[in-house]
2 protein chains.
Amino acid sequence: MSQGNSDGTGGRASEACGAVDGSFAPGQATACTVREVLDRVGGKWSIGILVAASQGPVRFTELERRVEGISRRMLTLTLRNLERDGLLNRKVHPTVPPKVEYTATPIALELHESLVALTHWAERHRSAIAAARTAYDRAHGGDLPPVPQG
Amino acid sequence: MSQGNSDGTGGRASEACGAVDGSFAPGQATACTVREVLDRVGGKWSIGILVAASQGPVRFTELERRVEGISRRMLTLTLRNLERDGLLNRKVHPTVPPKVEYTATPIALELHESLVALTHWAERHRSAIAAARTAYDRAHGGDLPPVPQG
DNA sequence: CCGTATCCGTACAGATACTG
DNA sequence: CAGTATCTGTACGGATACGG
């Protein structure tokens, strides 16, 4: 079962982008390109692993602690995906207790740089968005309270 | 059923980010912030709608054509979410045939700016990633051909 | 220590039909 | 024109147990 992808992260990535023809606005192409990135790094744990690995080589168990909340399975799966896409490098040390180190590739480092733009955006508008959500929920779901923390 | 979210896009956004305490690397906080953005805009159609609306007011049916491939349901759902987060503005014209126009908010416009960083990253490394995938599949799944179009 | 396999719940997404 | 509701498939993600 080297390839039978019936479960887990990964498999297809952005085939849908192939449906883009030139018949509509050029901005759509931009949207598609961004989608490619999100399909690759949009996973729940990808970013966490990437930032951890960007600070130097990390071992499997160390990642398990650093990411905190991730399961064995998800860690392996995301690791495999990232490695497959050339974002992570996997170095196996054939020692008696197995030792594997993951390192971010230059490409991943560049991605991390690009990510800070998004981070800044989120930082700036975090509260505004939260307010918008509350306002929307109050206006539209007036008969039904959101997140009743009792 | 104003709020019973059993299906479709949206609902929770980034509650998992609350689990972040200061006990591990500061980079993890960055990862979390990026996750917030992805949870909001990481949907399959969000970006497409956002870029379309960023070029001026668009109507429902126009979006259906522009995004191309999106279903009625997904369009409505994503629209609602984006509006809820304050990324889109919904203007209803009480005319005899209903007319609704969606406009990107300033916040969304800023996001679009941040998105170009990601776009450039994808453009630069698109081929490298594709090559990495092929190489990986060839090395690990040598006994099982990937995407056999035969 | 470093994974892999199986089971299972849920969130996301498409198709279709109906309404105001 | 602009939605909403229901059904259904699938992909993602968690828990757990087991193997090298």
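Chain A is the first sequence line, chain B the second, and so forth, proteins listed ahead of strands; every chain is numbered from 1.
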**Study point:** Donor/acceptor link under 3.5 angstrom from R73(B) side chain onto base of dA13(C)
**Key:** yes

Review point. Between dG13(D), dC2(C), dA2(D), which one does the side chain of T61(A) approach most closely?
Key: dC2(C)

Review point. Sequence neighbours excluded, which residues qualify as side-chain contact (heavy atoms from CB on, under 4.5 Å) partners of A117(A)?
Key: S114(B), A117(B)

Revision key, fill the gap. In short, salt bridge (Lys or Arg N to Asp or Glu O under 4.0 Å) pairs touching residues 108-121 of chain B with sequence neighbours left out are R124(A)-E110(B)

Check your understanding: Please give, in whole Å, the distance from dC1(C) P to L79(A) CG?
Key -> 16 Å

Check your understanding: Under the salt bridge (charged side-chain N to carboxylate O under 4.0 Å, His left out) test, which residues partner R72(A), sequence neighbours left out?
Key -> E64(A)

Practice item. Mind calculating the distance between NE2 (H140(A)) and P (dT4(D)) to the nearest angstrom? Key: 10 Å

Point to revise | Side-chain touch R90(B)/R80(B), heavy atoms, less than 4.5 angstrom | key: yes

**Study point:** Within residues 95-104 of chain B: residues closer than 4.0 Å to DNA chain D (heavy atoms)
**Key:** P98(B), K99(B), V100(B), Y102(B)

Practice item. Starting from P on dC12(C), measure out to CZ on R35(A) and report it in whole angstrom. Key: 12 Å

Point to revise | Axis bend over the full length of the helix from dC1(C)-dG20(D) to dG20(C)-dC1(D), computed from five pairs that close each end, to 10 degrees | key: 40°

Check your understanding: Whole Å only: how far is the CD1 atom of I49(B) from the C1' atom of dA13(C)?
Key -> 13 Å

Point to revise | With sequence neighbours excluded, residues passing ring-ring contact (aromatic ring centres under 6.0 Å, His included) with Y136(B) | key: H140(B)

Review point. With respect to the side chain of S71(A), which nucleotide from dG14(C), dC2(C), dG14(D) is positioned closest?
Key: dG14(D)

Review point. Could you state the CE-C1' distance from M74(A) to dC8(C), rounded to the nearest angstrom?
Key: 13 Å

Study note, to complete from the structure: Checking dG3(D), dG14(C), dT4(C) against the side chain of R80(A) (C-beta onward), the nearest is dT4(C)

Check your understanding: How would you list, by chain and number, every residue that makes a side-chain contact (heavy atoms from CB on, under 4.5 Å) with T119(A), sequence neighbours excluded?
Key -> E123(A), T30(B), T33(B), V34(B)

Review point. Of the candidate nucleotides dA13(C), dA2(D), dG3(C), which contains the atom at the shortest distance from the side chain of F60(A)?
Key: dG3(C)

**Study point:** Atom-pair distance (CG on L77(A); P on dT6(C)), nearest Å
**Key:** 14 Å

Exercise for review: Let me know the distance between CH2 of W45(A) and C1' of dC12(D), rounded to the nearest Å.
Suggested key: 12 Å

Exercise for review: Ignoring hydrogens and angles, tell me if any N or O in the side chain of R35(B) forms a donor-acceptor pair with the backbone of G42(A) under 3.5 Å.
Suggested key: yes

Check your understanding: Is the shortest side-chain N/O distance from R72(A) to OP1 or OP2 of dC18(D) below 4.0 Å?
Key -> no

Review point. Would you say dA11(C) has OP1 or OP2 under 4.0 Å from some side-chain N or O of K44(A)?
Key: no

Point to revise | Distance in angstrom units between E62(B) CD and dC1(D) C1', rounded | key: 13 Å

Point to revise | Residue pairs, two or more places apart or on separate chains, that pass ring pair (Phe, Tyr, Trp, His ring centres under 6.0 Å) and touch residues 71-115 of chain A | key: none

Review point. Do V100(A) and R59(A) have side-chain heavy atoms sitting under 4.5 Å apart?
Key: no

Check your understanding: Mind checking what makes ring-ring contact (aromatic ring centres under 6.0 Å, His included) contact with H125(A), not counting sequence neighbours?
Key -> W121(A)

